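Report on one structure; see the data block that follows.
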Amino acid sequence: MENLKKNIKDMLESGEIAGFLGLIEEEGHPIPFLFTKDSLDKLDALTVPDIRYPMTDILLKIVRKYPEDTIGVMVRGCDDRALIELAKNQKILSDLIRPIGVACTKEMAEYCRCSQPYPREIHYGEKVEGVKDRSDLEKVESMDLSDRLDYWMGQFSKCIKCYGCRNICSMCFCDQCTLEDDTLILTGQAPPEIPIFHLIRAFHMAGRCIDCGLCEEACPAHIPLRSLYRKVREDMADYLGYVTGMDETERDPLEFLGSDGYEVPTKIDET
Amino acid sequence: MAGLAAAFGSGAMTNSVPEFEDADCILITGSNTTSSHPLIASRIMTAKAKGAKIIVIDPRRTHMAALADIHVKQNLGSDVAWINGLMHIILKEGWHNQSFIDERTEGFEELKKVIENYTPEKVEEITGIPKETLREIAEIYAKSEKSSIVYCMGITQHITGTDNVKSLANLAMLTGQIGRPSTGVNPLRGQNNVQGSTDMAAIPNKYPGYQDVTSDEVREKFEKAWGGPLSPNVGLTVVEMINAIEEGKLKGLYILGENPMISDPDSTHVEKALDDIEFLVVQDIFLTETARKADVVLPGSSFAEKDGTYTGTDRRLQKIRKAIEPLGDAKEDWEILCLVGKAMGSKGFDFASPSEVFDELAELTPIYHGIDYDRIEHEIIHWPCRDKDDPGSPYLHKDGFARGKGLFTAIEYKPPAELPDDEYPHQLTTGRLPFHYHTGTMTRVSPSLTHEVNEAFIELHPEDAKSLGVRNGEKVRVSSRRGSIEVKVMLTPGIKKGVAFIPFHFVEAAANRLTNAAALDPIAKIPEYKVCAIKIEKLDGREA
Amino acid sequence: MAETEKGFEPKIIAFCCNWCSYAGADLAGSMRLKYPANVLPIRVMCSGRISPHFILKAFQRGADGVLVTGCHYGDCHYIKGNYITKRRVTIMKDLLKFVGIDPRRLRADWIAASEGDKFAKVATEFTEEIRALGPSPLRG
Amino acid sequence: MEYQTVRTTCTYCGTGCGVLLEVLDGEVIGTLPQKDHPINEGKLCIKGWNAHEFIYADGRLTKPLIRKGDKLEEASWDEALQYVAKRFLELKEKYGPDSLGCFSSAKCTNEENYLLQKIFRAVIGTNNVDHCARL
């Protein structure tokens, strides 16, 4: 931890970065905070807690106002995947971001069922192996179609339309949100029109979702949203060999055809 | 408030919010929980996922009603009858808790006599609740290990509001579903600091901490603390003050952060009073409909611009913290009030911070006595918290009721003040939407919220609409004996036939131009917002 | 799957691209080839313009089946729209299946401007397939 | 470049959810749910998520106003406060303390409610103190 603090302090003092987005502990509560060279004393309160805030979402708000500054940010595996996607989508310039990587503990990795609980470069913590767990998908897949629909309609009908899943999402960076398009989804209803509300969002997550699980943590109705997004994520890998959060130079195959591939997916399940 | 205080000795929510999660049965009535208290609804959904039975008794198929195990629509204002009916069945079947009744309560014999008459058949006739369903509800509520009652304005905003609440208290005591975790009788407070403002004696008959203004001993304590003589007389309520203006008795009024022009029943009447009053001061953050009537408007600050505390619905003390300075020349509200006090020549307003104000009020308020800013930084404290070592009280009435023994009150059903007739054949009830708050002054300037809904509507049962010859989206005139508004129709199969619903957030079609202000609960002085008679007229058939 | 319900007439939305498949549908008409009236063609400029939202909205508003048609591979007037469409439809079908909506209710096919007969055949086949599946479970 | 989050309590209902107000260069730009709050545990409703939106809404009052004829005109704090005090004390003198009253607020803090009732009880001398929470 002391090394981490020193590292950040040096970067701020040398002017390598204009700010460092991390978390401080205030009266026992971890909260996001941007360290600058004017607030170095706050580094005493720097913390790497076991709760997560949407760091790259916050980063984007700062970058939008300071597009030319270099900013450091504390990232876990999920945040780092988000950085790759944000760069792919031209929301940030990787050259202007200095990720400080934190590896998650085994407990956190298991709690999050995270397949890659570490960032590209680790500055803090010990790398642990990812968790391979698709029991949530298997649970749904074990049902027949009619039970699945009952299950999901039951889940969706709890939705209070808080938009929390979108608001907390690092990948929901659009200026205008389809979920608020009143030609598609009626406004003013809670629950919203189902299943369209949730399926539109789920489809958008194909080629976007970095499987951080913040959506599910933010859902007051406890809807297993992440399973939906994990499903499309898995499909993108199976059908199109595309996994988000891996390589900045790749492109979403649902948006871009690619220069050398006019290939048609062959593995199409027709039932 | 008054009802629970009479039964238990305290009017507050008996249990804390997280406890809902562990209940086995939650009976919700007169609360549109997912709209008005979404994060409490979240706990209730968790309880259901863990196996709890959720019962909703509400004339509308609210979102929570749709998620519930049982939903029945009672006739408006028939609450005492169905609660008595439940107790009748419970007693007949022997599902009551005799040892709890013997050890912890009084007044049982009188109650027994009255509920004897509330047979399931009679109750079905009054309330419209099928007797089989009533029995099912009675069994689940009484026999579950931990049953919790949740209610809101749908119970209190009736002429029988106090009776309704006392009846719910009767039900909880009869079955011993109180005084333990995840049980109790739980009024959900609509506004952020209803509990705190009442605790702080924004009521005409108490000093802070529910100490009677009529008690000589209490008054002497406050006279000493505040350094001057105090009035021994109970003051006037909001509605009584409005009437007193009309009668020429009230000459000056100070309104802090409220918009009675919209929130009070019978707005026409309020408007006239505020026009007539000699001197009106309004302290607010917007130039509300009420502030426009003022002689002096003092610009206050939003929750982001000041420090202070709120007391949550479950008696939980929490801080609000200043994030930015007040806008322009506006000031923090506590500071404005100190300046007003000082300008009147008083010495009792020399506070440097809200923390110092809190220290004074905690000193004088036994239920807050052990609380200070430092403690609530680190602890979750529910009052009563009587000294620094007291951890506070997540749930009340553990070993005894605040008043000693719990008091049963035998109550007969009384119909609402205004029933439908030939001229006004429909019934109106009012309430909130999930997207707006109270009179809309804060939410109707919020783009994310106005995107969802930004105009009033009237929910009608499709069959009622058919007989009126009106279609979805068409504008209609809705009138009561007090006033008239125009709103568009929203067909809603989930509402009880003959009943219409209008959300009260919208000033241009204020539901409270229609409601019945004259009909007050005799004790709590709450107007009967939730029932009045209306007529609905087709206009020219235009879409709104 | 469920038996054909008596009197059930499927409602089918067919999104057709301006250059190939809509022309194919047109040709089917002028060739007097019969295809079921259950199929309501909606013209878009390119199958690539068929946003997944359109498909979901069609189902939300009670369509029993959605047919997405475009140019044959290599013939897209915008070069690659139909390839993207195929990818999207593939993912969409799997998503529908995951939430319990029979993926056969969504079908993509490629129809050239000259293939009036193919349009009629696809429309007829699809209608019969949907008829066999019965009404959409999302129909209110 | 200054960004911080301020832990506070949502102002939209009695549930009392924990929120973080996001402040960028002195301006509140967003609301986040407090992840470790015992009530909402990192979740919010639509009002809570947008609790910051009304803060800078058009029509926020920024100056005291005093009625001059039909119009409310801007005034200094000193003028406004002296006028309020003078008029209330005059009315008290002329008609007695019970000719005055206040509506306190279920939207305001405990401290503010305490102070307003103290003004009316201790300085004016009336128990005509109520709030709109029953409504």
Side-chain angles (χ1 to χ4, degrees), chain A residues 24-34 45 58 61 136 139 150-168 172 174-194 197 215-225 227, chain B residues 17 21 32-50 54 61-68 318-319 321 323 373-380 432-436 443 446-457 459 472-473 488 490 492 494 503 505-506:
Chain A
I24 52 170
E25 188 175 301
E26 191 185 86
E27 306 290 349
H29 303 279
I31 53 171
F33 182 78
L34 183 78
I58 297 169
K61 293 178 187 177
D136 54 336
K139 178 182 155 189
D150 286 351
Y151 170 76
W152 283 112
M153 292 301 265
Q155 293 292 346
F156 296 156
S157 67
K158 298 187 292 181
C159 177
I160 62 166
K161 210 179 189 190
C162 68
Y163 293 98
C165 48
R166 175 201 67 185
N167 295 347
I168 201 104
C172 280
C174 302
D175 292 332
Q176 284 197 315
C177 178
T178 306
L179 297 180
E180 290 179 279
D181 178 348
D182 59 10
T183 64
L184 278 175
I185 302 168
L186 290 174
T187 56
Q189 292 185 345
E193 280 191 286
I194 57 171
F197 184 88
C215 47
E216 213 167 279
E217 282 186 1
C219 181
H222 320 291
I223 302 170
L225 295 164
S227 309
Chain B
V17 170
E21 233 173 80
N32 186 355
T33 327
T34 54
S35 284
S36 301
H37 299 89
L39 271 295
I40 291 177
S42 169
R43 297 280 178 173
I44 296 173
M45 289 185 207
T46 305
K48 182 170 157 65
K50 286 164 75 175
I54 310 299
R61 191 163 177 82
T62 58
H63 189 182
M64 189 49 91
L67 298 173
Q318 294 196 148
K319 282 193 71 173
R321 293 179 182 79
Y373 269 36
D374 196 39
R375 280 192 75 184
I376 52 180
E377 281 287 5
H378 306 101
E379 293 173 66
I380 297 295
R432 283 190 186 178
L433 299 176
F435 308 104
H436 287 285
T443 51
S446 176
S448 303
L449 301 175
T450 54
H451 172 77
E452 293 293 334
V453 200
N454 202 20
E455 67 173 323
F457 52 84
E459 285 188 2
N472 199 33
K488 70 170 183 180
M490 186 180 287
T492 311
H505 309 294
F506 304 97

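As the structure is a computational prediction, the values presented were derived from the model and not from experiment.
The minimum heavy-atom distance between B/Val453 and A/Gly188, with the atom names listed, is CG2-CA, 3.6 Å. Between B/Phe435 and A/Ala190, the shortest heavy-atom contact is CZ-CB, 4.2 Å.
Ranked by heavy-atom pairs under 4.5 Å with chain A, the list B/Thr34, B/Asn454, B/Leu67 is led by B/Leu67.
When atom types are taken as modelled, the side chain of A/His29 and the backbone of B/His378 share no donor-acceptor pair closer than 3.5 angstrom.
Here A/Glu27 contributes atom CD and B/Asp374 contributes atom CG; the two are 7.5 Å apart, rounded to the nearest 0.5 Å. Atom CD1 in A/Ile160 sits 7.0 Å away from atom OG in B/Ser42 (nearest 0.5 Å). In this structure, NE2 on A/His222 lies 7.0 Å from CE on B/Met45, to the nearest 0.5 angstrom. One distance of note links NZ of A/Lys161 with CD of B/Glu452; it measures 3.5 Å at 0.5 Å rounding.
Looking at A/Cys177, neither its backbone nor its side chain comes within 4.5 Å of chain B, counting heavy atoms on both sides. Neither the backbone nor the side chain of B/Ser35 comes within contact range of chain A; no heavy atoms are under 4.5 Å apart.
No more than 12 heavy atoms of other residues, nucleotides or ligands sit less than 6.0 Å from atom NZ of A/Lys139.
When A/Pro191, A/Ser157, A/Cys159 are each tested for a side chain to side chain contact (heavy atoms under 4.5 Å, CB included) with B/His63, only one passes: A/Pro191.
Side-chain atoms of A/Thr187 and B/His451 form no donor-acceptor pair, as typed in the model, at a separation below 3.5 Å.
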